[in-house]
2 protein chains.
Amino acid sequence: MNTAAPSPDAVETGFLDQAEASCRSRGASLTPIRRLVLALLLRHPRGLKAYDLLERIKADKPGASPPTVYRALDFLIEQGLAHKVGRMNLFVACSQHCHQAQMPGLFLVCPRCNGVTELQDDAVMGALAASLAAAGHQLESPEVEIGAVCPACRAAP
Amino acid sequence: MNTAAPSPDAVETGFLDQAEASCRSRGASLTPIRRLVLALLLRHPRGLKAYDLLERIKADKPGASPPTVYRALDFLIEQGLAHKVGRMNLFVACSQHCHQAQMPGLFLVCPRCNGVTELQDDAVMGALAASLAAAGHQLESPEVEIGAVCPACRAAP
DNA sequence: GCAGCAGTGCAATGTTATAACATTGCGATT
DNA sequence: AATCGCAATGTTATAACATTGCACTGCTGC
């Protein structure tokens, strides 16, 4: 239809294909179910709950059950393609390159709208890592989740 | 028994009394149930799950039910006396002075042993706050929870 | 063929949290 | 004293989130 710019669908498909390749390179496979879950997460940047996801999956796969979703999510999280927002039992796609970059990233979770923003700030992360190291601790994962009210919700209280 | 140093019980009671006073000064009251929950949390620095707490409360209050616990926890959290570890659905007493200091504090949560360490690092927190502000966000709460392997667990894998 | 394994379907269950409504206890007002 | 108002608590049920265990399928290498 449109050759001037890639359509959103094309962007999504591109991302999925890339994710698939990246999985394969690690000996894992992005099966249809997993790909579907990832696609759903990509389409909902605010994140989705496991059971919302389940409802949506059922449209394609009527037999889907909780384990279907959780298994797919575990896989995606293992592969660095998705994250769980602990606070809210919310899952989001890691649409950014945080898993490509070596530097850990910040996840800003808005408690009002559930929006998740990924923020890259090497100065902060460097300071944080240094401080943890000084205390003998070691960052668990490259994603640090922080509760912070987003600009939109700050403006409209 | 021992007049040379305060016993652990005395320390705990002192802390509870202090908490009670602090609540009263804000027009809230640390009722027996709430005090009991706080005491249990203090005795378990690794944190407790809501239903573990419930079991223990039942020893004193056989009629206790889930809402009993959750209401007490909500209250304690509101008052800055306890904190929920989102990741693990774990509740810990805020034994430190993080609620007295103006500066937000870091909560280091070890994913292996569930231990929670409170860390005060103004440089990191300052940098973090500045970075968030630059992105238009605002820290939600003065407690920032971070998954980090603790020294003990790092030493003994 | 068929042993082994990753992925999936399915049922049951476990765990965490809240809704909804009734009741109690206590200080203030009349 | 009777009543009201209000915070806290009791009680029941259920919603929401997550896992376990086992059976089955389809593939890959022998």
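Naming convention: chains lettered A, B, ... in sequence-line order (proteins, then strands); numbering from 1 in each chain. Scope of the values below: all heavy atoms of this structure, side chains included, with no hydrogens, waters or symmetry mates.
For the pair B:E145 (side chain) and B:G86 (backbone), a donor-acceptor distance under 3.5 Å is present.
Pairs engaging residues 47-87 of chain B under the ring-ring contact (aromatic ring centres under 6.0 Å, His included) rule: B:H83-B:F107 [sequence neighbours left out].
For the pair A:R24 CZ and C:dG7 C1', the interatomic distance rounds to 16 Å; values are reported in whole Å. To the nearest angstrom, P of C:dA6 lies 17 Å from CD1 of A:I33. Taking atom NZ of residue A:K61 and atom C1' of nucleotide C:dC10, one finds them 14 Å apart after rounding to whole Å. At whole-Å resolution of the value, CG in A:L36 and C1' in C:dG9 are 16 Å apart. The distance from atom NZ of A:K58 to atom P of C:dC10 is 11 Å, rounded to the nearest whole Å. Per the geometry, CG belonging to B:D60 stands 16 Å off C1' belonging to D:dT9, to the nearest Å. Taking atom CZ on A:R35 and atom C1' on C:dT8, their separation rounds to 19 Å, with Å as the unit.
For the atom pair CG of B:L54 and CG of B:L48, the computed distance is 11.5 Å after rounding to the nearest 0.5 Å. Once rounded to the nearest 0.5 Å, the distance linking SG of A:C150 with CZ of A:R46 reads 6.5 Å. B:S65 OG to B:R71 CZ: the interatomic distance, rounded to the nearest 0.5 Å, is 7.0 Å.
The existence of a salt bridge linking B:R34 and B:D74 is excluded, since no basic side-chain nitrogen approaches an acidic carboxylate oxygen closer than 4.0 Å. Using a 4.0 Å cut-off between a side-chain N of Lys or Arg and a carboxylate O of Asp or Glu, A:R87 and B:E140 qualify as a salt bridge.
Listed pair B:S29 / D:dA7 fails the phosphate criterion, with no side-chain N or O lying under 4.0 Å from OP1 or OP2. Within the 4.0 Å cut-off from OP1 or OP2 of D:dA7, not a single side-chain nitrogen or oxygen of B:T31 is found.
In the hydrophobic clustering of ILVMFWY residues, with side-chain heavy atoms under 4.5 Å counting as a link, A:V92 and A:V149 come out apart.
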Under the 3.5 Å Watson-Crick or G-U criterion, the dot-bracket string of DNA chain C, with | for inter-strand pairs: ||||||||||||||||||||||||||||||
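Across all their heavy atoms, B:V124 and A:A127 have their closest contact at CG2-O, 3.5 Å.
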N/O contacts under 3.5 Å, protein versus nucleotides 14-20 of chain D?
from   : atom 1 : to    : atom 2 : distance (Å)
D:dC17 : OP1    : A:K49 : NZ     : 2.8
D:dA18 : OP1    : A:K84 : NZ     : 2.4
D:dA18 : OP1    : A:N89 : OD1    : 3.2
D:dA18 : OP2    : A:Y70 : OH     : 2.8
D:dA18 : O5'    : A:Y70 : OH     : 3.3
D:dA18 : N7     : A:Y51 : OH     : 2.7
D:dA18 : N6     : A:Y51 : OH     : 3.4

